[in-house]
2 protein chains.
Amino acid sequence: MKPRMTIQKTLVLEALNDLDNHPTALEVYQHIVKKYPTISQATVYRNLNCLVAENKILKIEIPNSAARYDIKNVNHYHLKCDVCGKIFDLEMDYFTELETKITNLKGFKITGHSLVINGICSTCDKKYKEEN
Amino acid sequence: MKPRMTIQKTLVLEALNDLDNHPTALEVYQHIVKKYPTISQATVYRNLNCLVAENKILKIEIPNSAARYDIKNVNHYHLKCDVCGKIFDLEMDYFTELETKITNLKGFKITGHSLVINGICSTCDKKYKEEN
DNA sequence: ATACATGCAAACACTTTGCAGCACA
DNA sequence: TGTGCTGCAAAGTGTTTGCATGTAT
């Protein structure tokens with residue numbers, strides 16, 4: 001199980017550099033497929049997972065939405081509009097101390113956490129007000 | 001759009017009382033279908049969504065896992081084992097202050113947040129050690 | 001009476017997988 | 001050379017939806 005560096009994996013990494021807005025797997029695929037129409041979605045998914053396992057990129061999981069990926073070290077949180085489903089960046093320090101605060105773990109080894117703030121974005125909020 | 005109280009909605013609420021361990025939609029369905037074999041999964045999903053909208057129950061969304069539901073007021077966080085996918089309860093106070101700490105929202109109205117702690121449960125950790 | 005809810009099956013979005021052939025080390 | 005990777009299509013999971021019918025108010 002020694003990971004290899006393939007053309008496709010390189011393309012995935014490059015795509016993540018180009019698209020620096022924590023893209024979804026689909027967005028990564030769509031970016032690559034423009035130039036290299038033969039790459040498949042499955043390969044993009046497999047390489048993203050692989051790069052996460054190699055600890056080279058970061059996966060940000062969001063309930064009820066596609067996961068987002070980022071070149072390692074830009075660990076941040078997201079706002080999610082529960083009306084339109086859009087994801088927004090949240091300028092807030094990553095809460096590392098949180099993981100140390102947790103006790104009573106009974107042998108559970110913490111590797112990270114996922115935090116998403118839910119709400120209603122200003123656009124959807126405006127629409128709602130106009131309709132009432 | 002006035003919600004009605006139907007037999008099925010009552011059954012969903014009762015199921016949530018019986019299964020007090022924040023069940024998934026599937027677990028709610030399986031509990032009800034034992035006694036009432038004609039209820040459909042779609043109805044369970046619709047009623048759960050409906051009850052959430054009526055603010056009568058709580059939905060806990062977990063990335064890459066089924067959402068969990070609970071009779072309102074037991075708001076708590078979860079540990080998720082990234083190896084076996086199991087969900088464990090986390091004895092930690094709900095972090096209400098978190099939502100007030102966030103600034104720079106540009107009109108985004110916060111309604112809640114979802115936090116899941118990821119890691120490896122003791123069972124999976126043991127297995128891994130045995131294999132090495 | 002008339003919205004709203006139901007059951008069913010099909011569709012949905014996101015992701016993983018089985019397989020036969022290909023290519024990196 | 002051999003194992004790991006690819007493309008493709010199909011399957012998988014969790015959830016929603018279209019439709020004809022049923023039912024609470």
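Each chain gets a letter, A, B and so on, in the order the sequences are listed, and its residues count up from 1. Heavy atoms only: backbone and side chains are in, while hydrogens, waters and symmetry mates are out.
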Legend entry - Test salt bridge (Lys or Arg N to Asp or Glu O under 4.0 Å) applied to B/Glu27 - qualifying residues, sequence neighbours left out: none
Legend entry - Length of the CG-P vector between A/Leu11 and D/dT6, whole Å: 10 Å
Legend entry - Whole-Å gap separating P (D/dC5) and CG (A/Leu13): 14 Å
Inset, instruction - Please report, rounded to the nearest Å, how far the P atom of C/dA5 is from the CG atom of B/Leu48. - result: 14 Å
Legend entry - Where protein sits on nucleotides 10-16 of chain C, one letter per nucleotide: B base, S sugar-phosphate only, - none, heavy atoms under 4.0 Å: ----SBB
Inset, instruction - Indicate yes or no for a side-chain donor-acceptor contact from A/Lys59 to the backbone of A/Ala67 under 3.5 Å, with no hydrogens or angles considered. - result: no
Inset, instruction - Verify the contact: side-chain N or O of B/Thr43 to OP1 or OP2 of C/dG7, cut-off strictly under 4.0 Å; return yes or no. - result: yes
Inset, instruction - Write down the distance between CD1 (A/Ile32) and C1' (D/dG7), rounded to a whole number of angstrom. - result: 14 Å
Legend entry - Separation of D/dC5 C1' from A/Ile39 CD1 (nearest whole Å): 11 Å
Inset, instruction - Would you check if the side chain of B/Tyr29 reaches a backbone N or O of B/Thr24 as a donor-acceptor pair within less than 3.5 Å? - result: no
Inset, instruction - Verify the ring-centre separation between A/Phe88 and A/Tyr77: is it less than 6.0 angstrom? - result: no
Legend entry - Whole angstrom value for the distance that separates P of D/dG4 from CG of A/Asn47: 15 Å
Legend entry - B/Lys9 NZ to D/dA24 P, straight-line distance once rounded to whole Å: 13 Å
Legend entry - Electrostatic pair A/Lys101:A/Glu99 at N-O distance under 4.0 angstrom: no
Inset, instruction - Not counting sequence neighbours, which residues clear ring pair (Phe, Tyr, Trp, His ring centres under 6.0 Å) with A/Tyr36? List them please. - result: none
Inset, instruction - Mark yes or no for whether A/Tyr45, through its side chain, and A/Leu26, through its backbone, hold a donor-acceptor pair below 3.5 Å. - result: no
Inset, instruction - Kindly write out the residues that satisfy side-chain contact (heavy atoms from CB on, under 4.5 Å) with B/Ser40, not counting sequence neighbours, or none if the list is empty. - result: B/Ala42, B/Thr43
Legend entry - Base versus backbone protein contacts along nucleotides 20-25 of chain C [heavy-atom cut-off under 4.0 Å; B, S, -]: ---BBS
Legend entry - By salt bridge (Lys or Arg N to Asp or Glu O under 4.0 Å) - contacts of B/Lys86 (at least two apart): none
